[in-house]
Protein chains: 2
Amino acid sequence: MNNINKKIITVLLVDDHPMVQGGLSACLSFYDDIKIVGSTTDGKEALNKALTLKPDVILMDISMPLMNGIDATEIIIDQIKETKILIFSMHDNPEFVKSAIQAGASGYILKDITAEEVYFAIKAVASGKTHFSSSIAKMLLDNPISRHENDKLTTREQVILSHIAQGYSSKEIAKILTISFRTVEAHRRNMKIKLDIHSLAELIRYAVNHGIIEDNKCI
Amino acid sequence: MNNINKKIITVLLVDDHPMVQGGLSACLSFYDDIKIVGSTTDGKEALNKALTLKPDVILMDISMPLMNGIDATEIIIDQIKETKILIFSMHDNPEFVKSAIQAGASGYILKDITAEEVYFAIKAVASGKTHFSSSIAKMLLDNPISRHENDKLTTREQVILSHIAQGYSSKEIAKILTISFRTVEAHRRNMKIKLDIHSLAELIRYAVNHGIIEDNKCI
DNA sequence: TTCTACCTAAGTATTACTACCTAGTCAACT
DNA sequence: AGTTGACTAGGTAGTAATACTTAGGTAGAA
């Protein structure tokens, strides 16, 4: 192969699973136009390393201990415009994908793909293009990012929702937060309207799926 | 090191993420008393491979496409008594851990550990001992497996619950299943009693956490 | 066969939630 | 200075859920 004219792409790995990092390093070592210049296991550290290393591409996991990949992406994109971020996640949850795109990621690939696909995805985003796993692309077609997608819940609403999801009634929440139960009900109503949700069940599931309450808390 | 007296432990990898498999293979290749005799990406295929390869240890993921690691563990343990199963998961959900133990797994380690820890865990379960990641062991202390843990929901109750979790009211469910809404309410009540749950919110979360409804369905 | 589990169903009363409505305060931004 | 968004709070009315109760039918196990 003719690699003489190829510019070497520098890559920073961000993944909290040592196994995944090991696998990626091993798989990408076969390509001589890609150089892994660093790796870290958390979004917070990723930001520091990104600032010093200025990699062409960051291969970023989403679920990480201190700072998640979405938040890290948002901050890094904001501070280093030359760096492209390729999300490397095992989750094909539409919410994650949309958040990643809104945070400024150039691509989103799933962890069940082959090394070749990772390679092509890195090449694509490094050259300024976007790249999504075929299943992700298909999913985005089925779940278009709506106009109100950004209307996330306010801090107060999240507090209310976390209490609701824990099983407290409006009255109990009112007592806990020392506000009127009318206010609690107003928040309930507003959340349902802005999320286009029409039942308590969907609201609870929203809370679980969006990390407003931990999956296995109390159950 | 003196490896002369060491019996070589045969290991079967079961994980639907090629990256994880690659990382494991790479990491475990440094230990000459462990030999990876095969790998597969699904529990169903794992059963077949286990029967032909009869490995000493199966390193098993939980979330897999066709058959999950818990079900696969139960079947394999039942058919091949010599094989020990070490669950290798990224989830520290108490429910998963308990299910794994009840299915007959000899250990449960998290994916965020180092190669050395994986090695020691494999050695431990191969010699007939159990091995759990420290955080898992601690979690088990906090969430003891209760006497009624096996009192799972009946098929009918799961059907009712899945409808509840989708946001249908008792009346709507009654119409869908062509039973009296009184019956639906009776099921609701029975489920809450047997699960020791005191709010609809907890019931929904139980449904989400136990796979009675898919995490991101409709939301 | 008695026992148990499961699915079915209903009465009654209370509490919780939901859908409409209006409206004040406060902080931030144009 | 005016607008907007967030948080607060209340009225009224209807619907849903819950907590107690009892109880019939059916299938499988001890």
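In what follows, chains are A, B, ... by sequence order, proteins preceding strands, each numbered from 1. Because the structure is a prediction, the values reported are computed rather than measured.
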Problem set entry | Residue closer to the 5' end of DNA chain C, B/Glu157 versus B/Phe181 (nearest nucleotide) | B/Glu157
Exercise. Starting at the 5' end of DNA chain C, which residue's closest nucleotide do you reach first, A/Ser169 or B/His187?
Worked result: B/His187
For this session: First locate atom CZ of A/Phe88, then atom CG of A/Leu59, and finally report the distance between them rounded to the nearest 0.5 Å.
Result: 6.0 Å
Exercise. How many angstroms lie between atom CD1 of B/Ile36 and atom CG of B/Leu13, to the nearest 0.5 angstrom?
Worked result: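 Reported to 0.5 Å precision, the distance equals 4.5 Å.
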So does [Y] get a backbone contact from the side chain of [X], meaning a donor-acceptor N/O pair under 3.5 Å?
X        : Y        : value
B/Arg205 : A/Ala165 : yes
B/Glu117 : B/Ile113 : no
B/Asp56  : B/Thr10  : yes

What residues, two or more places apart in sequence or in another chain, satisfy side-chain hydrogen bond (donor to acceptor under 3.5 Å, both in side chains) together with [X]?
X        : answer
B/Thr83  : none
B/Gln21  : B/Ser39
A/Ser199 : A/Glu202
A/Thr154 : A/Glu157

Exercise. Do A/Ile160 and A/Ile179 touch side chain to side chain, with heavy atoms closer than 4.5 Å?
Worked result: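 Answer yes - side chains close enough.
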Exercise. In degrees, rounded to 10°, what is the bend between the two ends of the helix from C/dT1-D/dA30 to C/dT30-D/dA1, using five pairs at each?
Worked result: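 Comparing the axis at each end, I get an angle of 50°.
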For this session: Quick one: do A/Val37 and A/Val11 satisfy side-chain contact (heavy atoms from CB on, under 4.5 Å)? Show the steps, please.
Result: CA-CA 6 Å; A/Val37 293; A/Val11 175; 5.9 Å; no
For this session: Not counting sequence neighbours, list each pair that qualifies as a ring-ring contact (aromatic ring centres under 6.0 Å, His included) and has a residue in residues 157-184 of chain A.
Result: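 Those involving residues 157-184 of chain A are A/His163-A/Tyr168.
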Problem set entry | Any B/Thr154 side-chain N or O less than 4.0 Å from OP1/OP2 of C/dC7 | yes
Measure all distances between protein nitrogen or oxygen atoms and nitrogen or oxygen atoms of nucleotides 28-30 of chain C, and list the pairs falling under 3.5 Å.
none

Exercise. Hey, does B/Thr183 reach any base, or is it just sugar-phosphate, or nothing, if we go heavy atoms under 4.0 Å?
Worked result: base
Problem set entry | Atom-to-atom span, CD1 of B/Ile160 to P of C/dA9 - whole angstrom | 10 Å
Exercise. If you look only at pairs with a residue in residues 176-191 of chain B, which of them pass as a salt bridge (charged side-chain N to carboxylate O under 4.0 Å, His left out), with sequence neighbours excluded?
Worked result: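 The answer is none; no pair qualifies.
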Exercise. In residues 170-179 of chain B, what residues come within less than 4.0 Å of DNA chain D, judged by heavy atoms?
Worked result: B/Ser170, B/Lys171
Give me the distances for all protein-to-nucleotides 18-25 of chain C N/O pairs that come in under 3.5 Å?
{"unit_1": "C/dT18", "atom_1": "OP1", "unit_2": "A/Lys192", "atom_2": "NZ", "d": "3.0"}
{"unit_1": "C/dT18", "atom_1": "OP2", "unit_2": "A/Arg188", "atom_2": "NE", "d": "3.2"}
{"unit_1": "C/dT18", "atom_1": "O5'", "unit_2": "A/Lys192", "atom_2": "NZ", "d": "3.2"}
{"unit_1": "C/dC21", "atom_1": "N4", "unit_2": "A/Arg189", "atom_2": "NH2", "d": "3.4"}

Exercise. Using a heavy-atom cut-off of 4.0 Å to chain B, what are the terminal contacting nucleotides of DNA chain D, in 5' to 3' order?
Worked result: D/dA16 to D/dT21
For this session: For residues 124-136 of chain A, pull every pair meeting side-chain hydrogen bond (donor to acceptor under 3.5 Å, both in side chains), keeping only residues two or more places apart or in separate chains.
Result: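 Counting only pairs at least two positions apart or across chains, no side-chain hydrogen bond (donor to acceptor under 3.5 Å, both in side chains) contact touches residues 124-136 of chain A.
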For this session: Specify the closest pair of heavy atoms between B/Gly107 and B/Val125, including all atoms of both residues, with the distance to one decimal.
Result: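 Nearest pair, atom of B/Gly107 first, then B/Val125: N-CG1, 4.2 Å.
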